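Okay, structure first, notes after.
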Protein chains: 2
Amino acid sequence: MKPEGRKQEIIDSAAILFKERGYSAVTMRDLARAMGIKAASLYNHIQSKQEILASIIIDLAEHFTTGMNEIVKSDLTIIKKLEKIIELHIDITLTNADGLASLNNDWMHLEEENLTYFEQMRHDYEENFRQIVRTGVNNGVLANNNIEIIVFSTLSTLRTLYLWYPKQRTIDPDILKKDMITVLLKGII
Amino acid sequence: MKPEGRKQEIIDSAAILFKERGYSAVTMRDLARAMGIKAASLYNHIQSKQEILASIIIDLAEHFTTGMNEIVKSDLTIIKKLEKIIELHIDITLTNADGLASLNNDWMHLEEENLTYFEQMRHDYEENFRQIVRTGVNNGVLANNNIEIIVFSTLSTLRTLYLWYPKQRTIDPDILKKDMITVLLKGII
DNA sequence: TAGTAAAACTAACAATCGTTAGTTTTGTAG
DNA sequence: CTACAAAACTAACGATTGTTAGTTTTACTA
């Protein structure tokens, strides 16, 4: 499915380093050392440092976009849609926790084309989320709180999952989904 | 109260740039340009780039530590303590939203002494938070969900406030506090 | 075993990094 | 007006950055 060659190994290795120190603080020599080769050798497989970042972020963003679009055009209830969104974030976190760090913290280092593309996807994603919440509030199925606060607080938690999950690997993914749905939707009191 | 001289102006200016691009991607020449002077002139006021980062982060971390310690040793109910924690985060966000970006994303670039100090403060803060939640669950005043998930989801939202609040400046702080308490503690359904 | 393509290497480049030294300008108090 | 300190400046340093060019090694396949 994925082009699992040397290039993908480099990208995966880079994602780990970017997660630990951020894109700008990781040098090509750092990345090469992590791969056990010299910096110049990286360029037999990749075109630039920027290409690595773009590959990490754009792939993930498109994954989120695809998942959200499917949820939006489904005919599930509002509550079920929100549950699906939570599950989408958890699934992606489980399979690509490292890359999510770049998506969250290093997207601003994307260059012109990819930056615009990313920002568009993020905007659409948030707007879809907002619309679902808005509908839920209007229908009375969600409590009548400030919509922006609901969207922000839920999304904040989901976006930061990647920081927390690796420390809790013992939790079963299905239990995690269930508990997260309970906490995020029904509150903690 | 604060030493509001040229040095603090540089630190405040740096916090804005660090928020936009991250510590490693901001050069001393960038910072100097933002101040309208040359890079070398910065060194009449500060000792190093590292000192700026440490000043931003340690000040904030100590602020959180002080606030949490007061809440812990108070004799408020568990619910009231959680409300106080939410208010603490909102208050700090309102007065120093820029610096919070460094606290969240650039703490790993602190050097040995300050890095250890910061990590200790963060650990203690989280442990205090966890203990309050644990007590609440044991007393039955909080729902019996996974404690780690409660702590993580609440803290994620509070820590990310700095990203969101500047876009919503029209919201009155007291209303924000009230709504945030409702959403975080009582859920959105 | 000879040929070939992938993937590593050495060496170096121009640009930029944080920082220092030494000098000049600016603003204020006597 | 003079003296002085604060705060700016110019010029440069050694180190490091992403990247390129050209070469050698490695691993298969015919």
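Just so we're on the same page: letters track the sequence lines, and every chain starts at 1. No hydrogens, no waters, no symmetry mates; every other heavy atom, side chains included, goes into these values. No experiment lies behind these values; they were computed from the predicted model shown.
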> Rounding to a whole Å, what distance do you find between B/Gln50:CD and C/dC17:C1'?
Replying inline: 15 Å
> Shared ILVMFWY cluster between B/Leu163 and B/Leu94, side chains joined below 4.5 angstrom?
Replying inline: yes
> Within this structure, what is the CZ-to-C1' distance between B/Arg6 and D/dA5, rounded to whole angstrom?
Replying inline: 16 Å
>> Any heavy-atom pair between the side chains of A/Val151 and A/Glu126 that's under 4.5 Å?
In response: no
> Can you check the A/Glu51 CD to D/dG18 P distance for me, whole Å?
Replying inline: 15 Å
> Which whole-number value in Å describes the distance from A/Tyr43 OH to C/dC13 P?
Replying inline: 18 Å
> Should A/Thr154 and A/Phe129 count as side-chain neighbours, where that means a heavy-atom distance under 4.5 Å?
Replying inline: yes
> Run the side-chain contact (heavy atoms from CB on, under 4.5 Å) check on B/Lys49 and B/His109 step by step: do they pass?
Replying inline: CA-CA 11 Å; B/Lys49 189 186 179 188; B/His109 298 116; over 6 Å; no
> For the atom pair CG (A/Leu185) and CD (A/Glu83), what is the distance rounded to the nearest 0.5 Å?
Replying inline: 6.5 Å
>> Output the rounded distance in Å from CD (A/Gln47) to C1' (C/dA7).
In response: 17 Å
>> Once salt bridge (Lys or Arg N to Asp or Glu O under 4.0 Å) is applied, do any residues pair with B/Glu70, and if so which ones, sequence neighbours excluded?
In response: none
>> To the closest 0.5 Å, what do you measure between CG (B/Leu103) and CZ (B/Phe18)?
In response: 13.5 Å
> Residues from residues 19-41 of chain A sitting under 4.0 Å of DNA chain C, heavy atoms only?
Replying inline: A/Arg29, A/Ile37, A/Lys38, A/Ala40, A/Ser41
> Rounding to a whole Å, what distance do you find between A/Leu42:CG and D/dA21:C1'?
Replying inline: 16 Å
> Between atom CD of B/Gln47 and atom CD1 of B/Ile52, what is the distance when rounded to the nearest 0.5 Å?
Replying inline: 11.0 Å
> Will you find, in the side chains of B/Asp30 and B/Thr27, an N or O donor that is under 3.5 Å from an N or O acceptor?
Replying inline: yes
> What would the secondary structure line of DNA chain D be in dot-bracket form, counting Watson-Crick and G-U wobble pairs under 3.5 Å, with [ ] for pairs that cross earlier ones and | for pairs with another strand?
Replying inline: ||||||||||||||||||||||||||||||
> Just how far, in rounded Å, is P of D/dA7 from CD1 of B/Ile10?
Replying inline: 9 Å
> Does a side-chain N or O from B/His45 land closer than 4.0 Å to OP1 or OP2 of D/dA8, or not?
Replying inline: yes
>> I'd like to know if B/Asn44 reaches the base of D/dA6 with its side chain, counting only an N/O donor and acceptor under 3.5 Å.
In response: no
> Nearest to the side chain of B/Lys49 - D/dT19, C/dT19, C/dA7?
Replying inline: C/dT19
